There are 2 protein chains.
Amino acid sequence: MKGIRQLAKHLDISIGTVSRALNGRPDVNEETRKRVLAAAEEIGYVANQSGRSLRQGTTNVIGLMIESSKETVENSDNFFLGVTGGLQSVLSRHKLDLLMLPCPNDEDPHEYLKRMVARRIVDAMIISATQRVDKRIDLLIKTKIPFVALGRSASGGNHTWIDLDFEGVAACAVDRLVSKGHRRIAIAAPSNDINLGYIFVDAYRKSLERHGIAFDPSLVIRVKSSEQGGYQAGHEILRLDSKPTAIILIYELMAIGLYRRLNEAGIVPGRDLAVIGFREEPRGKFLQPSLTCFRMSLRDLGVELAETLLATMPAYAEHYPKGARNTIWPLELAPGESDAFSLKA
Amino acid sequence: MKGIRQLAKHLDISIGTVSRALNGRPDVNEETRKRVLAAAEEIGYVANQSGRSLRQGTTNVIGLMIESSKETVENSDNFFLGVTGGLQSVLSRHKLDLLMLPCPNDEDPHEYLKRMVARRIVDAMIISATQRVDKRIDLLIKTKIPFVALGRSASGGNHTWIDLDFEGVAACAVDRLVSKGHRRIAIAAPSNDINLGYIFVDAYRKSLERHGIAFDPSLVIRVKSSEQGGYQAGHEILRLDSKPTAIILIYELMAIGLYRRLNEAGIVPGRDLAVIGFREEPRGKFLQPSLTCFRMSLRDLGVELAETLLATMPAYAEHYPKGARNTIWPLELAPGESDAFSLKA
DNA sequence: CTGCCACACTAAAACGTTTCCGAAAAGCCG
DNA sequence: CGGCTTTTCGGAAACGTTTTAGTGTGGCAG
């Protein structure tokens, strides 16, 4: 005999009472509840999740879908591991566990998600790397599974999402550089296919125009968000007839490759070319020159994500008043040496 | 009506037959099987995992436990995301799915694993960051759950593990530096509390002695495996009376901080001090000077992990003959500029 | 004293699936 | 044609839990 039955037998109580005692139901004598809890602890009983979720239709598990494609791996750095800390701190308060679902890179994310959802292994989902138009969102809406997307998307009506403040970052970077006298400002970003690439460059363009600076397409360098991409960006810049005096990187790791390429050409970043990165990692300030970039707390983002998600789950919504369905997550400027010089005076 | 019942009704067949058809059992007419498969596809039926695993006692899910503590996050970089690719490529052949279980950093890993195991949500486990003596291993052995540990451990008798070839790397690095005329070789590693720190430094010491070089404790710099740690290591070196001519880093990111500190002191890495890193990342070769370090395929490691794990699972062992229970994973030297100079002649 | 209610508990149904067992049909052999 | 095996399927039990409905107390108000 196993499971709750064994526990019940051992206590000479019906299994129903044991279950209610364990789950904190009101109609059980406090005295017996204590006995049950003690016995459970002693025997080491933990409810079998399959049985429980079969009956309840709920699993107490939140899924976080991530993509493990090579591209993503290189770029995401420890983004997700950082975010999980914040996620867990909120979820654990509700006895919810977090499961990361890494989509195989040879499988269609949509199909993978479909399978995971059909299995009924999670109560709610967080999906990341949302595309401009993303079938996964329609799927989740159709199956009525609570979810929140990390990354804005145009599809599926008004679902809940959180995204980084790319516009704010681009605007702030441009403003800062312009105030130091820069007029020719390059930007390194991925292609427009990736939502982020589109948004970032668009915001950059608008900011330039706000300062009355004409948008020059040749200053938009489309490269991958990696060291390799940074190196390549440096390469592209050097080939321009009319070289920029500053460059904005969409990802902080790119600075490593950029620095390398510049050094090879005898150009000193932070003196001959101003550089601003995007998301600060510990390494940003150890580069030479240290990188001016934008700082954010991955943990806080995780907390926000979790709270937003819980607000969409009927069983938990009461504690988390439904705020804005769409959140723009701010980043803070962390000045470094890489753009310290001024062209003025 | 839902689930398999609906499907059976729709086909006017008993649910037992539907189930057997779906699961590829032999005692079902090929004709009816086709009908069932077609109908399932059309309706979009996927077996409810709770019901299935309750009955079968199996979940078709492999758990990969990772720790999301701050320290780990900073150090692991994309180690796990890289490994999952290889893991999945093997597991998916057996219709097994991979689940990452990120242990909250405020919870005891042992307790967390205990909870996850008790839930019966995974059929087997991969645990990482194993300690020198690790309670989790005893737990897994006691509960008879197939598992493989990423990282050697002394506890629990002879369980299965895979670990990187720290001895080989340390020996190779020392040999290389000595052959270039270096005699005072420093090493930056975490404390002996962490298994890795102990093994690495021990292998380093033995290699030195093999060359008849006396082990000098003052050349062992105990720091964290991060940019910050690298910076600090540089700081420590500069304070030594008798300075080393070379340094071995246990982690490639440390080079960024080390370079920074050296540059601040006017010391040029790769000319005044030879530097060898550990695991190569894309960024290693973009550093200035590019870092000599050791290369490995995270994906291949994932494949090896998966195959080793499957060999320990009775249901799959037939395809994966039980080889060595303990595997030392080799790394390959990738020469760079950081140790290119020679002290000889 | 009677009716009512709250309390604490038991018994049993239900969740969705797989699998065991048996039975019907069909084919084969003598 | 009778007995045998093989093929194919249906019925029902089983997995471990939660939850509903019901049962028997005892207290309390009328």
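The model shown is predicted, which means the values in this text are computed figures rather than measured ones. Letters A, B, ... are given to chains in the order of the sequence lines, protein chains preceding strands, and every chain is numbered from 1.
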Q.
Quick check: do B/Val36 and B/Val28 have side-chain heavy atoms less than 4.5 Å from each other?
A. no
Sidechain N-carboxylate O distance under 4.0 Å for B/Asp108, B/Lys114: no
Under a 4.0 Å heavy-atom cutoff, the residues of residues 13-32 of chain A touching DNA chain D are A/Ile15, A/Gly16, A/Ser19, A/Arg20, A/Asn23, A/Arg25
Test: A/Arg136 and A/Asp134 ion pair at under 4.0 Å
yes
Side chain B/Arg55 and base C/dT18 donor-acceptor under 3.5 Å: yes
Between its two end axes (five pairs each) the helix from C/dC1-D/dG30 to C/dG30-D/dC1 turns, nearest 10 degrees, through 50°
Taken to the nearest whole Å, CD1/A/Ile4 to P/D/dA14 is 19 Å
Side chain to side chain contact (heavy atoms under 4.5 Å, CB included) test vs A/Phe147 passes for just one of A/Ile126, A/Ile137, A/Thr160, A/Thr312, namely A/Ile137
Within the 3.5 Å criterion, strictly below it, is a donor on A/Arg52 or A/Asn23 matched to an acceptor on the partner's side chain? yes
The nucleotide from D/dT17, C/dT17, D/dC15 with an atom nearest the side chain of A/Asn48 is D/dT17
Closest non-hydrogen atoms of B/Gln49 and B/Thr58, given as atom of the first, atom of the second and distance, are NE2-O, 4.0 Å
A/Gln49 atom CD is separated from C/dC15 atom P, nearest whole Å, by 19 Å
In whole angstroms, the gap separating C1' of C/dA11 from CZ of A/Arg5 amounts to 12 Å
Against the side chain of A/Gln56, the closest entry in D/dT18, D/dG16, C/dT18 is D/dT18
- Message: Are the side chains of B/Arg299 and B/Ser89 in contact, using a 4.5 Å heavy-atom criterion?
- Response: yes
Rounded to whole Å, CG of A/Leu7 lies from P of D/dG16 at a distance of 14 Å
Is the shortest side-chain N/O distance from A/Arg52 to OP1 or OP2 of D/dG16 below 4.0 Å? no
Over 12 foreign heavy atoms within 6.0 Å of CZ, B/Arg152 = yes
- Item | Side chains of B/Thr59 and B/Arg120 in contact at under 4.5 Å (non-hydrogen atoms) | no
Atom CG of B/Leu54 and atom P of C/dA14 are separated, to the nearest Å, by 17 Å
Atom CZ of A/Arg33 and atom C1' of C/dC7 are separated, to the nearest Å, by 13 Å
